[in-house]
**Student:** 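Quick one: structure below, then a few questions.
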Amino acid sequence: MLPPLVTAIIGGWRATAASLWADELATWGAVRLDWEQLWRLGGSVDAVVTPYYAALKVFAGVAGTGTLALRLPSLIAAVLTAVVVAELGRRAAGDTVGLLAGLLWAVLPVTSRYAQEARPYAIAVLCAALALLALIRLVERPGPGRAVVYAAAVAATGLLHPLSALLMVAGHALAGMRTWRFWLPAAVVGGLPAAVLLLYATRQTAQISWISPVGVQTLRLLPAQLFVSAIAGGMVLALAVLGLRRDRIGLTLAAAGFVPPALLLAVGTVAEIWVPRYVLVAMPALVVLAARGAGTRTTAIIGLVALLGWPTQVDIREPAGHGQDSARIAQIVQPRYRAGDVAVFPDGPSSIGWAPRDMWARYLRDPRPADVLAVAGQRVDGRFLARECPQATCLGSPPRIWIIRVDSPADPLADMSDAKRARIGGSYRVVQRWSHPLLGITLMERTAR
């Protein structure tokens, strides 16, 4: 079948070229924990992602924790989603629209972007596409068997991304209430995992503490944020509107495609919760609507989207294509390493405070600057960040210190404890600095007395 093949080719192209960014580094760190440490982490910090971590840990036990191995489940999910999108298109408007919808899915930059990410989003989108297909089948011919299939798909989506699942179910309600005796119990049962995870995670605010409220700028950037490419996103959204129909499947697709982002945007005006990837579950429906709206022009539209989205396809495969040039740390530090060098990391308040140590651990091979301050590694005791020795007493007096951060402030000791500042500030001078996307490195050398 052509859509999954094209998705596999495009999604697999240079799948490891972009560095693991902060969230992917968190995945890498989590799957390397033992099971007891992973459950402890989920109980204190990362409950909503723990089911994904657990599943990926099982996979990594066979495939390893290399970049391709970590991203491979997402790529497989994107390929399978192409099959489901094609089936949704076929049901909506025939075989030709089904084929073209699958191909449109394949060439979109957003498909490749999340097919090459070691996070749960691509797998959640697959489950959401399956839930939408199950919903359409349930509405067409209500029955307990089809309700069970729908509930299972909703539950799987909720285990992978609970907020996305609940937004998805809210969209499904407009169609599902047509057969409420079957849909409502299935939606409630299927939504339970998402509700339980979100309820448990209400004590864990780190996942959303960095989010800004929705404003005019958010709406202006919406196509780019949702589809990674502004021009491709604008075309798909415009065509999706043209694809709206008043038939049963059309209304179901419209609800599934437009309600989740509209609802999260509305909530985002009063609460800091809007993140575009949280509504990727709407993407299959929007793609099918766009293929339907393009009509006889669909083939040309696919070619145009592929052509205009090509620069974005290239960009997301650059070393900093996921927003963080993590691997660059090896090019900077490794050739300049000297025996006795140590690494020091800020204490906060960055919302991605785990990333500097993860970059150090993931991309620097031995010999490397020693992490002399850490007395317990990241995540091993249920805390996301490492525990350091009190008052930085184990720093000693190394000849050189590498300060590794995700930012590049004028003061390399910004956001560090008073003890660190006291031990480093008066005794070391800056030798050289490097600044790359979400990677700032400063080399400091002990001054002569």
Side-chain angles (χ1 to χ4, degrees), residues 14 16-22 24-26 28-29 32 65-67 70 317-348 350 352-378 385-389 392-417 419-449:
R14 300 187 66 202
T16 63
S19 301
L20 296 177
W21 77 289
E24 292 182 285
L25 288 168
W28 171 77
R32 295 167 70 240
T65 58
T67 300
L70 292 175
R317 291 166 172 84
E318 293 296 318
H322 290 189
Q324 186 164 22
D325 202 355
S326 308
R328 181 83 61 174
I329 189 174
Q331 300 173 25
I332 295 170
V333 176
Q334 215 84 60
R336 298 172 176 84
Y337 170 78
R338 295 179 189 172
D341 285 0
V342 303
V344 172
F345 309 91
D347 301 293
S350 170
I352 50 177
W354 68 88
R357 261 194 175 91
D358 280 350
M359 287 188 284
W360 169 87
R362 172 71 174 80
Y363 288 108
L364 288 180
R365 65 182 187 276
D366 289 326
R368 62 187 177 190
D371 183 6
V372 294
L373 293 179
V375 296
Q378 299 200 129
L385 304 182
R387 283 193 296 111
E388 297 186 349
C389 61
T393 52
C394 45
L395 178 64
S397 300
R400 302 198 311 171
I401 297 175
W402 292 89
I403 309 293
I404 302 170
R405 321 174 52 101
V406 295
D407 54 3
S408 300
D411 178 9
L413 304 182
D415 303 323
M416 290 195 184
S417 66
K420 285 185 189 177
R421 296 181 68 91
R423 289 179 178 274
I424 299 172
S427 303
Y428 293 82
R429 66 179 182 87
V430 173
V431 175
Q432 195 169 353
R433 303 185 67 174
W434 298 264
S435 181
H436 298 278
L438 288 181
L439 172 64
I441 299 177
T442 303
L443 175 60
M444 303 188 74
E445 189 174 67
R446 190 167 182 82
T447 55
R449 291 189 176 181

**Student:** Check the pair V342 / I401 against side-chain contact (heavy atoms from CB on, under 4.5 Å), numbers first and verdict last.
**Tutor:** CA-CA 5 Å; V342 303; I401 297 175; 3.7 Å; yes
**Student:** Looking at M444 and P412, what are the two nearest heavy atoms and their distance?
**Tutor:**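 Heavy-atom minimum between the residues: SD-CG, 4.5 Å.
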**Student:** How close do P346 and R405 get, heavy atom to heavy atom, and via which atoms?
**Tutor:**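 The answer is CB-NH1, 3.9 Å.
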**Student:** Nearest 0.5 Å please: distance from the CD1 atom of I441 over to the CG atom of L443.
**Tutor:**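 Between atom CD1 of I441 and atom CG of L443 there are 10.0 Å.
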**Student:** Ignoring hydrogens and angles, tell me if any N or O in the side chain of Q334 forms a donor-acceptor pair with the backbone of P367 under 3.5 Å.
**Tutor:**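 Checking the backbone N and O of P367 against the side chain of Q334, a donor-acceptor pair under 3.5 Å is found.
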**Student:** Would you say the side-chain atoms of R433 pair up with the backbone N or O of A410, donor to acceptor, closer than 3.5 Å?
**Tutor:**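 The answer is yes, because a donor-acceptor pair under 3.5 Å joins these two groups.
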**Student:** For the pair W402 (side chain) and Y337 (backbone), establish whether a donor and an acceptor sit closer than 3.5 Å, ignoring hydrogens and angles.
**Tutor:**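 No, because the side chain of W402 does not come within donor-acceptor range (under 3.5 Å) of the backbone of Y337.
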**Student:** Testing the basics here: between A327 and S19, what is the closest heavy-atom pair and its distance to 0.1 Å?
**Tutor:**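 That would be N-OG, 3.1 Å.
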**Student:** Is there a donor-acceptor pair closer than 3.5 Å between any side-chain N or O of K420 and the backbone N or O of F345?
**Tutor:**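 Yes, the answer is positive, given that a donor and an acceptor are paired below the 3.5 Å cut-off.
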**Student:** Side chain to side chain contact (heavy atoms under 4.5 Å, CB included) with V344: which of L373, D371, V372?
**Tutor:**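 Checked L373, D371, V372 against V344; only one passes side chain to side chain contact (heavy atoms under 4.5 Å, CB included): L373.
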**Student:** Output all residues satisfying side chain to side chain donor-acceptor pair (under 3.5 Å) with R338, sequence neighbours left out; order by chain, then residue number.
**Tutor:**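 For R338, no residue satisfies side chain to side chain donor-acceptor pair (under 3.5 Å) once neighbours in sequence are set aside.
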**Student:** Which pair of non-hydrogen atoms, one from D358 and one from W28, has the smallest distance, and what is that distance?
**Tutor:**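 Here D358 and W28 meet closest at O-CZ3, 3.9 Å.
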**Student:** Could you check whether R357 pairs with E388 (Lys NZ or Arg NE/NH1/NH2 to Asp/Glu carboxylate O, under 4.0 Å)?
**Tutor:**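 Salt bridge between R357 and E388, a charged N being under 4.0 Å from a carboxylate O: yes.
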**Student:** Less than 4.5 Å apart, any side-chain heavy atom of P398 and any of D341?
**Tutor:**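 When only atoms from C-beta onward are counted, D341 and P398 do not touch, as no gap falls below 4.5 Å.
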**Student:** Partners of R328 by salt bridge (charged side-chain N to carboxylate O under 4.0 Å, His left out), sequence neighbours excluded?
**Tutor:**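 Per chain and number, R328 pairs via salt bridge (charged side-chain N to carboxylate O under 4.0 Å, His left out) with D325.
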**Student:** Kindly indicate, with the supporting measurements, whether the criterion side-chain contact (heavy atoms from CB on, under 4.5 Å) is fulfilled by R362 and T67.
**Tutor:** CA-CA 10 Å; R362 172 71 174 80; T67 300; 2.8 Å; yes
**Student:** What pair of heavy atoms forms the shortest contact from A330 to L364, and how long is it?
**Tutor:**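 The pair with the smallest heavy-atom distance is CA-CD2, 3.7 Å.
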**Student:** OH of Y428 to CZ of R400: how many Å apart, nearest 0.5 Å?
**Tutor:**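 Y428 atom OH to R400 atom CZ measures 11.5 Å (nearest 0.5 Å).
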**Student:** Can you name the salt bridge (charged side-chain N to carboxylate O under 4.0 Å, His left out) partners of R429, sequence neighbours left out?
**Tutor:**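 Scan of R429 (salt bridge (charged side-chain N to carboxylate O under 4.0 Å, His left out), adjacent residues dropped) gives E445.
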**Student:** For the backbone of L413 and the side chain of R421, can you confirm whether one donor and one acceptor N or O come within less than 3.5 Å of each other?
**Tutor:**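 Checking the backbone N and O of L413 against the side chain of R421, a donor-acceptor pair under 3.5 Å is found.
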**Student:** With R336, which residues qualify under side chain to side chain donor-acceptor pair (under 3.5 Å), at least two apart?
**Tutor:**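 Applying side chain to side chain donor-acceptor pair (under 3.5 Å) to R336 gives none.
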**Student:** Got a donor-acceptor contact below 3.5 angstrom from the S435 side chain to the G440 backbone?
**Tutor:**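 Side chain of S435 to backbone of G440, a donor-acceptor pair under 3.5 Å: no, none is there.
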**Student:** Mind checking the CG-OG1 spacing from L70 to T16? Nearest 0.5 Å is all I need.
**Tutor:**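 With rounding to 0.5 Å, CG (L70) is 11.5 Å from OG1 (T16).
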**Student:** Can you tell me if S326 uses its side chain to pair, donor with acceptor, with the backbone of L20 under 3.5 Å?
**Tutor:**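 Checking the backbone N and O of L20 against the side chain of S326, a donor-acceptor pair under 3.5 Å is found.
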**Student:** Find the distance between NE2 (H436) and CD1 (I329) and round it off to the nearest 0.5 Å.
**Tutor:**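 The NE2 atom of H436 sits 10.5 Å away from the CD1 atom of I329.
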**Student:** Can you tell me if W354 uses its side chain to pair, donor with acceptor, with the backbone of A22 under 3.5 Å?
**Tutor:**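 Side chain of W354 to backbone of A22: a pair is present.
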**Student:** Which residues satisfy the side chain to side chain donor-acceptor pair (under 3.5 Å) test with Q324, sequence neighbours excluded?
**Tutor:**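 Q324: no side chain to side chain donor-acceptor pair (under 3.5 Å) contacts found.
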**Student:** Please name the pair of heavy atoms, one in A18 and one in H322, separated by the smallest distance, quoted to 0.1 Å.
**Tutor:**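 For A18 and H322, the tightest heavy-atom pair comes out as CB-CD2, 3.7 Å.
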**Student:** For side-chain contact (heavy atoms from CB on, under 4.5 Å), just list the numbers for W434 and L439, CA-CA rounded to whole Å, side-chain angles, deciding distance to a tenth of an Å, and then say yes or no.
**Tutor:** CA-CA 8 Å; W434 298 264; L439 172 64; over 6 Å; no
**Student:** Between Y363 and L25, does a side-chain contact (heavy atoms from CB on, under 4.5 Å) hold up when you go through it step by step?
**Tutor:** CA-CA 10 Å; Y363 288 108; L25 288 168; 4.3 Å; yes
**Student:** Mind checking side chain to side chain donor-acceptor pair (under 3.5 Å) for T65 and listing every partner two or more places apart, or none if nothing turns up?
**Tutor:**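 Residues passing side chain to side chain donor-acceptor pair (under 3.5 Å) with T65: none at all.
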